Amino acid sequence: MYENKIFEDKLKKLEKEKLLRQETVYEYSHDVEYISDGKVLINFSSNSYLGMHRDSRIIKASKEAVEAMGTSSIASRLVCGTLPIHAELEKKIAQWKGSEAAMVLNSGFQANLGIIQALANKDSLILADKLVHASIIDGIRLSNAKFQRFHHNDMDSLNRLLERYSDIEHKIIISETVFSMDGDKAPLEGLIKLSKKHGAFLYLDDAHGAGVYGSKGRGPTAEVEGVDLLLGTFSKAFGSFGAYACMSETLKKYLVNSCRSYIYSTALPPAVIAANLKAVELLDQQEYESKQKMLIERCSRVRDVLKNKGYKVVDGEGPIIAIIIGEEHAALQKSKELLVKGFLVPAIRPPTVPKGTSRLRLTLSSLHSDKQVKYLLNLF
Ligand code: PMP
């Protein structure tokens with residue numbers, strides 16, 4: 001048996017620093033209600049911003065697909081795992097976003113890992129926003145590219161780096177449209193302008209923008225004009241699983257031949273693809289328009305109430321509301337207090353966020369009732 005002392009010591013260190021994470025089992029009860037340890041909790045931490053994971057039309061499409069095609073796609077995409085619905089979903093995504101082509105990948109994490117690794121090599125330079133998601137950082141590491149971060153949403157900082165490294169031909173700028181732990185938006189016009197000015201490839205992760213914002217829920221980048229690769233996930237507003245990337249036909253051909261997480265992993269199963277397809281169709285038909293509008297209005301009201309009560313809330317428009325507390329211990333304490341009252345609002349701590357910026361990450365869904373939101377706000 002392997003001696004586990006090394007890992008035990010690491011765990012002890014995490015515990016001492018109050019950074020040890022543990023999983024809790026949450027049993028689904030109804031809409032946003034979950035049960036843990038026999039206690040009903042109102043969930044203010046999910047990414048299903050529109051409650052699409054409970055949409056009966058999507059559930060029906062998923063059930064029908066599993067009945068018709070079975071539980072697996074039985075191979076990776078390039079072997080024999082591409083079923084007609086995979087192709088249909090890619091076509092639908094491209095039409096919905098107005099891109100030349102789209103690729104469906106197995107998860108947002110896998111997509112960032114595989115695509116970034118395929119796009120860059122040791123001769124490339126990647127400039128990424130300071131707050132990009134862990135999967136982007138890991139993709140950059142895998143690529144072996146030179147890597148610099150620019151200050152969060154700071155276009156002067158990005159411009160300075162682009163000028164400093166002007167001799168490097170292959171430059172990639174990476175950012176997110178809506179930041180996952182802060183809920184603020186990136187300055188898209190500035191990013192597009194700088195990528196054009198310096199001839200850099202622009203890569204945007206729209207995981208938290210798609211579905212929620214813009215006409216037909218197409219995200220802050222309604223069309224992909226000026227963006228070389230736009231990544232989205234089905235795991236947030238779409239209430240499902242998997243990812244997509246919008247790009248040119250040429251780039252798609254290249255990635256089909258080089259993106260390792262696409263080539264070497266079993267394709268998403270029919271039930272998941274059918275759910276994703278139905279979700280995009282519903283967004284495209286504007287079936288969710290009133291929910292999107294109601295959600296954005298609610299987010300703005302909640303931000304205002306929290307700010308008026310003296311809380312430090314990151315500016316934004318959408319359903320990720322970051323309430324900065326500061327120290328890990330204080331954030332954990334507030335989260336526990338809310339839990340005792342029946343509300344699930346997690347504390348997010350380093351290393352997920354920078355030290356000293358521990359926070360409560362409150363996410364709103366159109367499934368919450370006004371009463372539930374009001375009760376929660378009364379506890380602040
Ligand atoms: N990118 C961003 C910005 C994310 O927030 C996440 C999920 N937290 C991912 C990628 C990974 O997506 P998935 O859950 O589909 O793997």
Side-chain angles (χ1 to χ4, degrees), residues 21 23 43-50 52-53 89 93 102-117 119 126 128-143 149 152-153 172-186 188 191 202-213 219-221 227 229-246 259-262 265-269 271-273 275-276 279-280 314 316 318-322 346-354 359 361-365:
R21 297 153 190 241
E23 254 172 15
N43 192 350
F44 277 94
S45 68
S46 108
N47 295 323
S48 186
Y49 307 124
L50 298 169
M52 286 186 114
H53 70 298
L89 177 58
I93 292 280
M103 255 172 112
V104 168
L105 297 110
N106 286 4
S107 75
F109 204 106
Q110 284 196 42
N112 277 328
L113 276 191
I115 296 176
I116 297 170
Q117 184 190 16
L119 289 178
I126 298 183
D129 188 283
K130 184 94 177 72
L131 297 188
V132 291
H133 190 257
S135 55
I136 294 176
I137 301 292
D138 290 357
I140 295 171
R141 285 185 181 141
L142 275 178
S143 76
R149 294 184 189 207
H152 178 51
N153 277 348
I172 302 176
I173 300 170
I174 306 185
S175 190
E176 293 177 19
T177 59
V178 177
F179 285 85
S180 61
M181 292 299 136
D182 291 68
D184 55 344
K185 280 186 180 177
L188 297 179
L191 287 163
L202 181 58
Y203 184 112
L204 292 179
D205 183 332
D206 193 29
H208 296 279
V212 176
Y213 298 87
T221 51
V227 182
L229 190 140
L230 184 82
L231 186 111
T233 57
F234 293 112
S235 54
K236 319 290 182 206
F238 297 84
S240 179
F241 190 74
Y244 61 86
C246 299
C259 174
R260 293 167 68 83
S261 59
Y262 177 86
S265 187
T266 301
L268 285 177
V272 171
I273 295 291
N276 297 345
V280 182
V314 177
I320 302 171
I321 301 184
I348 310 286
R349 299 164 287 156
T352 309
V353 293
R359 63 198 63 191
R361 182 177 180 270
L362 171 70
T363 55
L364 297 175
S365 161

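Heavy atoms only: backbone and side chains are in, while hydrogens, waters and symmetry mates are out. Just so we're clear, the structure is a prediction, and the values are computed from it rather than from any experiment. Just follow the structure's listing: the first ligand is 1, and inside any ligand the first atom is 1.
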Shortest protein heavy-atom distance from atom 14 (O) of ligand 1, along with the residue and atom involved | Ser235 OG, 3.3 Å

Counting each atom of ligand 1 from 1 as listed, which ones have a heavy atom of Thr233 under 4.0 Å away?
-> 12 (O), 15 (O)

How far is atom 11 (C) of ligand 1 from its nearest protein heavy atom, and which residue and atom is that?
-> Phe109 N, 3.4 Å

For atom 1 (N) of ligand 1, the protein heavy atom that lies nearest, with its residue and separation | Asp205 OD2, 2.6 Å

Answer yes or no: is there a side-chain heavy-atom contact under 4.5 Å between Tyr203 and Val132?
-> no

Candidate list Leu119, Ile115, Ile126, Asp138, test side chain to side chain contact (heavy atoms under 4.5 Å, CB included), partner Ser143, passing option = Ile126

Would you call Tyr213 and Asp206 a side-chain contact if the rule is heavy atoms closer than 4.5 Å?
-> no

Residues Thr352, Arg21; criterion side chain to side chain donor-acceptor pair (under 3.5 Å); working and verdict | CA-CA 11 Å; Thr352 309; Arg21 297 153 190 241; 2.9 Å; yes

For ligand 1, which atoms, with element, lie under 4.0 Å from some heavy atom of Glu176?
-> 3 (C)

Flag the pair Lys185 / Asn153 as yes when at least one side-chain heavy-atom distance between them is below 4.5 Å, and no otherwise.
-> no

Quick one: look up the protein heavy atom nearest atom 9 (C) of ligand 1 and list residue, atom name and how far away it is.
-> His133 CE1, 3.5 Å

Tell me which protein heavy atom sits closest to atom 5 (O) of ligand 1, plus the residue, atom name and distance to 0.1 Å.
-> His208 NE2, 2.7 Å

Using a 4.0 Å heavy-atom threshold (strictly under), name the region of Lys236 that reaches ligand 1: side chain, backbone, both or neither.
-> side chain

Does ligand 1 have any atom sitting under 4.0 Å from a heavy atom of Ser135?
-> yes

Kindly assign one of parallel, tilted or perpendicular to the pair Tyr244 and Phe238, based on the angle between their ring planes and the thresholds 30° and 60°.
-> perpendicular

Is a side-chain donor-acceptor pair under 3.5 Å present for Asp182 with His152?
-> no

Any atoms of ligand 1 less than 4.0 Å from a non-hydrogen atom of Ser180? List them with their elements.
-> 5 (O)

With sequence neighbours excluded, residues passing side-chain hydrogen bond (donor to acceptor under 3.5 Å, both in side chains) with Ser46 | none

Ligand-residue contact atoms, ligand 1 with Gly108, heavy atoms, under 4.0 Å | 11 (C), 12 (O), 13 (P), 15 (O), 16 (O)

